[in-house]
Amino acid sequence: MDEKSDAGVEHSGAVKHDEKPKQIGITVKKGDNFSDWFTQVVSSTGADLADIRYGVQGCVVHKPWAVKIAREMYSLLEKEVEDDGHEPYLYPTMIPEENLLKEKEHAGFTPDVFWVETAGTQKLDRRLALRPTGETQFYPMFSLWIRSHTDLPLKTYQSRMTVFRNEMTTRPFLRGREFMFFETHDAFATHGQALKQVETDKKIMDSVIRGKLKIPFYFFKRPSWDTFLGAMNTYTADTMNPDGRRNQISSTHDLGQNFAKAFDITYRDDAGKPKFVWQTCFGPGIWRIIAALIAVHGDDQGLILPSVVAPLHAVVVPITFAKNPEASAVALKFAKLVDKRLKKWGYRAHLDDSDAHPGFKYNHWEMLGVPYRIEIGPREAEQKQVTIVNRISKVKKTASLIELKNSFDELLEEHDVLLGKRSDEYFSKNTRTTSSLSEIKSIIEQHRGFLIVPWCSTENEGKGCAEILKAETQGAYVCGERLGSDEKVNSTDVCAVCGKLAKHAVYVAKSI
């Protein structure tokens with residue numbers, strides 16, 4: 001493969017049209033104003049991922065490019081959980097009010113629930129909640145399905161659906177009133193088996209989110225005052241936006257036997273004695289993961305997508321000339337052949353033979369984050385070669401069709417490795433260590449990333465310190481203890497807030 005060609009240069013004599021295509025582009029730099037940058041990337045002048053003009057706050061229309069990304073993401077997660085023994089289910093959207101109230105702590109969801117109270121003009125006998133999450137859908141059925149130890153473990157999931165929550169502040173892919181969802185719900189005979197599932201959920205996040213999507217994150221055990229309603233313990237994967245705010249992209253919950261007791265989910269052991277099951281649930285946040293793809297990987301030209309979820313692996317752009325229609329016809333014919341071959345070889349490809357100027361096409365497909373652009377001018381067509389341009393590095397290489405076929409897997413891997421290196425470097429710069437409230441206040445205003453601080457307790461006695469921290473820093477949040485890390489406190493370390501002897505090293509950050 002050769003790394004030089006003039007196919008990517010705007011040739012003099014390129015076709016010009018009286019009607020200009022719609023102007024696209026981002027007018028702010030990601031590093032200067034992340035909030036405006038994110039909004040522009042999501043909008044129609046950017047990558048056109050969502051339209052907020054539906055008429056209901058927090059409910060957006062997902063545009064084709066976003067739906068295709070989400071579809072690939074769902075497929076990755078579905079394969080992982082099914083390989084782990086989960087079976088797919090699809091539950092109704094509405095939940096009887098009494099189900100939502102059965103588990104005492106989980107009933108705390110009710111202030112955020114949307115209710116259905118009438119059918120046509122007739123008032124319903126009981127209110128029905130639009131699903132905020134799936135526990136109170138799955139578990140009444142678990143109580144009917146589980147009878148014996150031979151029915152365990154029961155591993156279930158549902159995906160490609162939405163949930164509803166009354167979020168007061170909304171933003172596409174970060175907070176919504178209706179948003180994409182994926183969840184597993186499991187039942188086991190022992191607590192040990194449930195805890196093994198928590199480890200498996202972590203491995204799934206490592207495999208899919210870090211390994212395939214190249215999104216770096218920390219896996220935390222949340223403090224006891226911040227567990228999921230009804231859970232014994234909550235574990236989350238948190239990444240970091242460029243504005244320094246944490247973005248929670250998944251949660252997995254050790255539910256203990258709380259829901260089993262509320263919904264009477266029991267099995268008979270070998271001796272025939274009834275016992276309550278132990279449960280877990282796992283929710284990779286599809287919306288938030290899409291937000292992380294945008295925020296972590298994107299640049300001032302738009303999206304950059306990992307190949308595994310990119311709706312297109314390559315766009316083929318023929319370069320034609322008004323003054324030389326015969327040569328242009330040859331270029332277009334060869335471009336069609338290349339597009340056809342790429343699809344035959346199993347890659348997601350598209351031929352952009354529109355009338356738009358080549359420069360417009362380049363900018364458009366860069367905005368959408370397509371890993372590779374394949375340029376074909378008359379010279380390439382005559383030599384039966386293509387010019388390949390990487391979205392990240394912009395490096396150009398020339399190749400024959402045979403070389404393209406033999407090397408395209410490697411090119412996609414090269415793209416993903418480069419993407420992973422960029423994101424890891426970005427993430428490594430977002431964690432610092434400090435030991436006092438005054439230092440936290442000073443650093444977090446400028447740094448706005450993760451801070452590792454000594455803490456008195458992650459049990460309820462440490463909640464007061466968390467509330468002081470939040471008030472003093474205008475929103476800093478105790479994420480919890482990082483699992484799998486070697487961060488420990490020394491015997492002389494004291495809590496950054498109250499000054500008592502520290503028992504834990506916790507991560508602190510502001511949230512989206």
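Since we're looking at a predicted model, the values are computed, not measured. Reckoned from all heavy atoms, side chains included, excluding hydrogens, waters and symmetry mates.
Side-chain contact between Arg177 and Val163 is absent, with no heavy atoms from C-beta onward closer than 4.5 Å. A 4.5 Å side-chain heavy-atom check between Val370 and His313 finds every atom pair outside the cut-off. When side chains are defined from C-beta on, Glu380 does not count as touching Glu375, because their heavy atoms never get closer than 4.5 Å. When side chains are defined from C-beta on, Thr239 does not count as touching Ile209, because their heavy atoms never get closer than 4.5 Å. Within the 4.5 Å cutoff, the side chain of His185 has no heavy atoms near those of the Gln279 side chain. Using a 4.5 Å cut-off on side-chain heavy atoms (C-beta onward), Trp225 and Val478 make contact. At least one side-chain heavy atom of Arg171 sits under 4.5 Å from a side-chain heavy atom of Thr39. Side-chain contact check for Lys384 versus Leu401: every heavy-atom pair is 4.5 Å or farther apart.
Applying the side chain to side chain donor-acceptor pair (under 3.5 Å) test to every pair with at least one member in residues 412-421, sequence neighbours left out, gives these pairs: Ser307-Asp416, Lys397-Glu414. Residue pairs meeting the side chain to side chain donor-acceptor pair (under 3.5 Å) criterion with at least one partner in residues 296-305, sequence neighbours excluded, are Asp299-Arg391.
Residues that satisfy the side chain to side chain donor-acceptor pair (under 3.5 Å) test with Asp339, not counting sequence neighbours, are Lys343. By the side-chain contact (heavy atoms from CB on, under 4.5 Å) test, Asp409 pairs with Tyr347, sequence neighbours left out. With sequence neighbours left out, the side-chain contact (heavy atoms from CB on, under 4.5 Å) criterion links Ala310 to Leu305, Pro371. Shown here are the salt bridge (Lys or Arg N to Asp or Glu O under 4.0 Å) partners of Lys79, two or more places apart in sequence or in another chain: Asp83. Remark: Thr162 pairs with Glu178 by the side chain to side chain donor-acceptor pair (under 3.5 Å) rule, at least two apart or across chains. The side chain to side chain donor-acceptor pair (under 3.5 Å) test applied to Ser428 returns no partner, not counting sequence neighbours. Checked against side chain to side chain donor-acceptor pair (under 3.5 Å), Thr252 has the following partners two or more places apart in sequence or in another chain: Asp201. With sequence neighbours excluded, the residues forming a side-chain contact (heavy atoms from CB on, under 4.5 Å) with Ala314 are Leu342, Tyr372, Ile374, Phe408, listed by chain and number. Residues passing the side-chain contact (heavy atoms from CB on, under 4.5 Å) test with Glu72 are Val309, Arg348, sequence neighbours excluded. Checked against ring-ring contact (aromatic ring centres under 6.0 Å, His included), Phe334 has no partners two or more places apart in sequence or in another chain.
Relative orientation of the Phe450 and Phe427 rings is perpendicular, given thresholds of 30° and 60° on the angle between their planes. Ring geometry for His62 versus Phe173: interplanar angle over 60°, hence perpendicular rather than tilted (30 to 60°). Taking the six-membered ring for Trp and thresholds of 30 and 60 degrees, Phe181 and Phe179 have ring planes more than 60 degrees apart, a perpendicular arrangement.
Counted within 6.0 Å of CZ on Arg341, heavy atoms from surrounding residues, nucleotides or ligands total 12 or fewer; the atom is thus considered open. Environment of NZ in Lys405: sparse, with no more than 12 heavy atoms of neighbouring residues, nucleotides or ligands closer than 6.0 Å. Counting non-hydrogen atoms of neighbouring residues, nucleotides and ligands closer than 6.0 angstrom, the CD atom of Gln57 exceeds 12 such neighbours. Counting heavy atoms of neighbouring residues, nucleotides and ligands inside a 6.0 Å radius, atom NZ of Lys394 exceeds 12 of them.
Lys155 places a side-chain N or O within donor-acceptor distance of the main-chain N or O of Asp84, the cut-off being under 3.5 Å. A distance-only check finds a donor-acceptor pair linking the side chain of His357 to the backbone of Gly359 [under 3.5 Å]. Checking side-chain atoms of Asn241 against main-chain N and O of Asp243 turns up no donor-acceptor pair under 3.5 Å. No side-chain donor-acceptor contact under 3.5 Å links Thr387 to the backbone of Ile376. Trp65 places a side-chain N or O within 3.5 Å of a backbone atom of Leu368 that can act as its donor or acceptor partner. In this structure, the side chain of Ser393 engages the main chain of Val395 through a donor-acceptor pair within 3.5 Å. No donor-acceptor distance shorter than 3.5 angstrom exists from the side chain of Gln158 to the backbone of Pro88, with no hydrogens or angles considered. Although no hydrogens or angles enter the test, the distance criterion places no donor-acceptor pair under 3.5 Å between the side chain of Arg373 and the main chain of Val315. Side chain of Ser423 to backbone of Gly420: a donor-acceptor contact under 3.5 angstrom is found. In this structure a side-chain-to-backbone donor-acceptor pair under 3.5 Å is present from Glu403 to Ser400.
Using modelled atom types, one finds a donor on one side chain and an acceptor on the other under 3.5 Å when comparing His86 with Asp186. Counted by atom type alone, Ser511 and Arg246 present one or more donor-acceptor pairs between their side chains at under 3.5 Å. In summary, the side chains of Glu78 and Ser159 do present a donor paired with an acceptor at a separation below 3.5 Å, with no hydrogens or angles considered. With hydrogens and angles left out, the side-chain atoms of Ser207 and Glu80 include a donor and acceptor closer than 3.5 Å. With 3.5 Å as the limit, one finds a donor-acceptor pair spanning the side chains of Arg160 and Ser75.
Taken to the nearest 0.5 Å, the CD1 atom of Ile289 stands 12.5 Å off from the CD1 atom of Ile69. If you take OH on Tyr235 and OG1 on Thr227, they are separated by 10.5 Å, rounding to the nearest 0.5 Å. Atoms CD1 and CG, on Ile215 and Leu293 in that order, are 4.0 Å from each other to the nearest 0.5 Å. Atoms CG and CG, from Leu404 and Leu411 in turn, are 7.5 Å apart once rounded to the nearest 0.5 Å. For the atom pair OH (Tyr477) and CD1 (Ile512), the distance works out to 11.0 Å, reported to the nearest 0.5 Å. In this structure, OG1 on Thr433 lies 9.0 Å from CD1 on Ile443, to the nearest 0.5 angstrom.
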Original post:
What's the verdict on salt bridge (charged side-chain N to carboxylate O under 4.0 Å, His left out) for Lys441 and Glu472, showing C-alpha distance, side-chain angles and the deciding distance?
Top reply: CA-CA 7 Å; Lys441 290 166 66 175; Glu472 291 285 327; 3.0 Å; yes
**OP:** Take Glu183 and Arg131, measure what salt bridge (charged side-chain N to carboxylate O under 4.0 Å, His left out) needs, and give me the verdict at the end.
**Re:** CA-CA 12 Å; Glu183 60 185 342; Arg131 168 181 52 220; 5.4 Å; no
Original post:
side chain to side chain contact (heavy atoms under 4.5 Å, CB included) between Gln248 and Ser251: does it pass, once the steps are laid out?
Top reply: CA-CA 8 Å; Gln248 180 182 310; Ser251 59; 3.7 Å; yes
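Taking the centre of each ring, Phe220 and Tyr507 come in below the 6.0 Å mark.
Using a 4.0 Å cut-off between a side-chain N of Lys or Arg and a carboxylate O of Asp or Glu, Arg210 and Asp424 do not qualify as a salt bridge. Under 4.0 Å is where a charged nitrogen must lie from a carboxylate oxygen, and between Lys221 and Glu481 no such pair does.
The two residues Pro318 and Val316 have their closest heavy-atom pair at CD-O, 3.5 Å.
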